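Working notes, beginning with the structure itself.
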Amino acid sequence: DEHRMNRLGSFAITSEDSHVFARASGDYNPLHLDPLAARRTRFGQTLIHGVHGTLKAIDLLLEKHGASTELLGIKVKYSRPAMQGQHFEVYCHTSGLKTRLEIFSGGRRCHMATRMVWARSAAEIPVVAPTEVGGRTLFECQGFHYCIYPRRGGRWPELDGPEDRA
């Protein structure tokens with residue numbers, strides 16, 4: 001069957017893991033971090049950050065199939081709350097450059113990456129040039145240099161040396 005899901009592995013996210021993720025992401029929602037506050041919600045306990053669970057599933061995928069590619073796009077649906085300390089099982093189906101990931105706990109699906117599109121190499125990702133403002137593309141503020149890019153998919157141009165940065 002061409003749509004058969006293959007088991008990638010499993011993971012769990014502890015309270016400590018959620019605190020580390022909150023520091024990295026800046027998401028300090030008490031629903032993920034404070035058992036007392038979470039107990040007062042309809043869920044009754046702390047939930048994992050949805051993105052954290054998705055990233056753990058992608059880690060399992062990359063461990064299994066190698067990390068020699070780049071993710072071009074992803075669409076994720078969080079269908080059920082996922083509690084801290086639960087055991088999660090990850091399944092995937094890949095067809096060409098598209099992958100579908102599903103995360104289950106207790107036999108029920110909680111997360112689903114419905115569409116993940118991969119590039120075979122960085123060369124397949126289009127280069128997006130920085131926006132030109134007043135004839136310039138490189139700006140400086142308080143000793144920091146920066147560029148402004150339009151909001152669309154792609155990657156920044158690779159710069160080999162100072163002559164390319166003017």
Side-chain angles (χ1 to χ4, degrees), residues 8-9 11-38 41 43 46-79 81-84 88 90 92 94-103 110-166:
L8 287 177
F11 67 90
I13 295 177
T14 66
S15 174
E16 182 179 334
D17 295 333
S18 288
H19 279 83
V20 170
F21 186 81
R23 283 191 297 280
S25 69
D27 182 352
Y28 290 95
N29 185 331
L31 184 60
H32 304 299
L33 305 173
D34 184 346
L36 184 59
T41 69
F43 306 111
T46 50
L47 304 180
I48 69 169
H49 294 82
V51 172
H52 193 184
T54 301
L55 291 172
K56 293 287 250 182
I58 292 171
D59 279 347
L60 287 171
L61 178 68
L62 294 176
E63 283 175 16
K64 192 83 131 194
H65 299 291
S68 61
T69 187
E70 295 187 36
L71 182 63
L72 292 178
I74 185 169
K75 180 179 179 182
V76 180
K77 178 181 178 184
Y78 302 107
S79 51
M83 313 301 180
Q84 286 176 7
F88 300 101
V90 180
C92 83
T94 299
S95 176
L97 296 177
K98 295 183 180 179
T99 299
R100 178 184 177 98
L101 282 177
E102 295 189 11
I103 304 172
C110 14
H111 294 172
M112 175 175 48
T114 57
R115 189 181 71 237
M116 298 170 61
V117 181
W118 303 91
R120 292 192 197 281
S121 70
E124 293 180 23
I125 302 172
V127 171
V128 177
T131 303
E132 190 173 310
V133 179
R136 298 177 48 210
T137 59
L138 183 63
F139 305 94
E140 188 266 333
C141 180
Q142 298 179 354
F144 293 95
H145 291 86
Y146 64 95
C147 294
I148 301 171
Y149 289 89
R151 188 174 178 150
R152 67 175 189 249
R155 62 183 169 90
W156 55 85
E158 294 180 25
L159 304 175
D160 293 326
E163 67 279 357
D164 295 324
R165 297 184 181 113

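The shown structure was predicted, so the numbers you read here are calculated from the model rather than taken from an experiment.
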Subject >> Passing candidate, side chain to side chain donor-acceptor pair (under 3.5 Å) with S18, options Q84, H32, R23 >> reply: Q84
Taking every non-hydrogen atom, the tightest pair across [X] and [Y]:
{"X": "A57", "Y": "L8", "value": "O-CD1, 4.4 Å"}
{"X": "I103", "Y": "V90", "value": "CG1-CG2, 4.3 Å"}
{"X": "P81", "Y": "L47", "value": "CB-CD2, 3.8 Å"}
{"X": "F139", "Y": "V133", "value": "CZ-CB, 3.6 Å"}
{"X": "C92", "Y": "L101", "value": "CB-CD2, 3.4 Å"}
{"X": "G53", "Y": "I48", "value": "CA-CD1, 4.0 Å"}

Subject >> OG1 on T46 to CG on L36, rounded to 0.5 Å >> reply: 11.5 Å
Original post:
Between D34 and Y28, is any pair of side-chain heavy atoms under 4.5 Å apart?
Top reply: no
**OP:** For the residue pair F21 and H49, categorise the inter-ring angle as parallel (less than 30°), tilted (30 to 60°) or perpendicular (more than 60°).
**Re:** tilted
Original post:
Hey, does the side chain of D17 reach the backbone of T14 with a donor-acceptor pair shorter than 3.5 angstrom?
Top reply: yes
Subject >> S79 (side chain) donor-acceptor with C110 (main chain) under 3.5 angstrom >> reply: yes
**OP:** Mark yes when over 12 heavy atoms from residues, nucleotides or ligands other than F144 sit less than 6.0 Å from its CZ; otherwise mark no.
**Re:** no
Original post:
Hey, is CD on E140 packed in by over 12 heavy atoms from elsewhere, all under 6.0 Å?
Top reply: yes
**OP:** Would you check, one step at a time, whether the test side chain to side chain contact (heavy atoms under 4.5 Å, CB included) holds for I74 with T54?
**Re:** CA-CA 10 Å; I74 185 169; T54 301; 4.1 Å; yes
